[in-house]
Amino acid sequence: MKNAITPIPTDEPILRVHDLCKYYPIYSKGLVKRKSGEVRACHKVTFDLRPGETLGLVGESGSGKTTTGRAILRAITPTSGSVLFHHNGKTVDLARMPAGELKPLRQKMQMIFQDPFGSLNPRMTVQQIVAEPLRIHRLAKGSELDDRVVQMLERVGVRPEYRTRYPHAFSGGQRQRIGIARALVMQPSLIVCDEAVSALDVSVQAQVVNLLAELQQEFGLTYLFIAHDLSVVKHICDRVAVMYAGRIVELADTEQLFGDPKHPYTKALLSAVPQPDPDVPMNFELGGEVADLTRLPPGCAFAPRCGECMDVCREKTPQLLTHEGRHVACHLYEG
Ligand code: SF4
């Protein structure tokens with residue numbers, strides 16, 4: 001071990017996120033509003049994403065995973081850091097790019113949302129929903145537009161003859177398939193799946209996860225898969241980054257992370273995964289409250305909940321360091 005984070009050998013990354021931060025200011029109440037603090041929703045997040053891989057981003061609610069995904073796609077503007085996106089032989093920094101120059105790149109970066117009920121406009125037909133990005137980016141019109149919509153609906157398992165119907169006429173799983181068709185019709189290379197299957201029934205979840213895996217193979221897609229359900233993450237992801245209080249605390253290959261977790265928070269999260277065998281006792285280790293991002297303690301943010309906390313943990317923030325082929329931010333693995 002133990003030098004500052006060094007990338008594990010890889011193909012040229014499609015995405016290189018470095019020290020990405022998103023802070024929200026807090027203002028005092030009263031007539032004169034003054035900045036009294038900030039919420040560090042995403043702090044110095046660093047990782048690479050290789051072409052064709054699926055990287056899981058996991059953690060409890062409020063750990064900063066959705067903020068990270070949104071800052072990468074510039075749905076929100078990062079406070080600092082860089083997001084290098086490799087596309088068509090060129091590399092651009094999405095974090096610093098003026099908003100007006102982002103439009104052509106949006107074709108190549110799409111998002112699939114959690115809520116298949118809220119993410120589709122109820123006043124638009126399925127045809128209009130899937131065709132909309134093509135029309136906005138002027139990529140197709142007339143019969144070519146119709147053909148592309150039909151092909152994409154067929155590919156995701158929605159019967160094209162239903163495309164004149166409105167979203168309310170479909171089940172949750174079918175709506176999520178329509179959301180996937182809307183994202184894929186642009187032929188993107190990078191997709192951020194933000195809790196894309198969390199709102200679905202377990203049996204439908206499996207179908208949609210399998211569909212995402214098939215589409216990845218077929219279209220060479222790269223996924224950033226944001227989720228809190230570790231069973232799904234284990235099934236679909238090549239590597240997993242665990243976030244706590246806005247930071248990555250462990251990043252490892254999926255097999256390594258699930259087989260031999262290092263960070264006490266990762267261990268605690270894994271202890272909460274339900275076992276298929278009812279005779280295997282649950283050993284739930286994650287107690288205490290999720291860290292309050294407005295009042296983070298000095299040192300390690302996980303210290304108040306950590307059973308292995310040492311004196312140094314309350315004074316010094318652990319850095320994400322390389323340890324046995326993975327990255328982990330914990331004083332237990334320094335020294
Ligand atoms: Fe626990 Fe200390 Fe590691 Fe934080 S740095 S997770 S408090 S052992």
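Atoms within each ligand, like the ligands themselves, are counted from 1 in listed order. Everything numeric in this text was worked out from a predicted model, so none of it was measured.
Between the side chains of His86 and Thr91, at least one donor N or O sits under 3.5 Å from an acceptor N or O. For the residue pair Asp194 / Thr66, a side-chain donor-acceptor distance below 3.5 Å is found, with atom types taken as modelled.
Every pair passing ring-ring contact (aromatic ring centres under 6.0 Å, His included) that includes a residue from residues 290-309 is listed here, sequence neighbours excluded: Tyr244-Phe302, Tyr265-Phe302. Applying the ring-ring contact (aromatic ring centres under 6.0 Å, His included) test to residues at least two apart or on different chains, none of the pairs has a partner in residues 52-79.
Each of Leu269, Val242, Val233 was scored for a side chain to side chain contact (heavy atoms under 4.5 Å, CB included) with Leu257, with one residue passing: Val242.
Within the protein, the N, O or S atoms lying under 2.8 Å from atom 1 (Fe) of ligand 1 are Cys306 SG.
For Gln217, there are no side-chain contact (heavy atoms from CB on, under 4.5 Å) partners at least two apart in sequence or on another chain.
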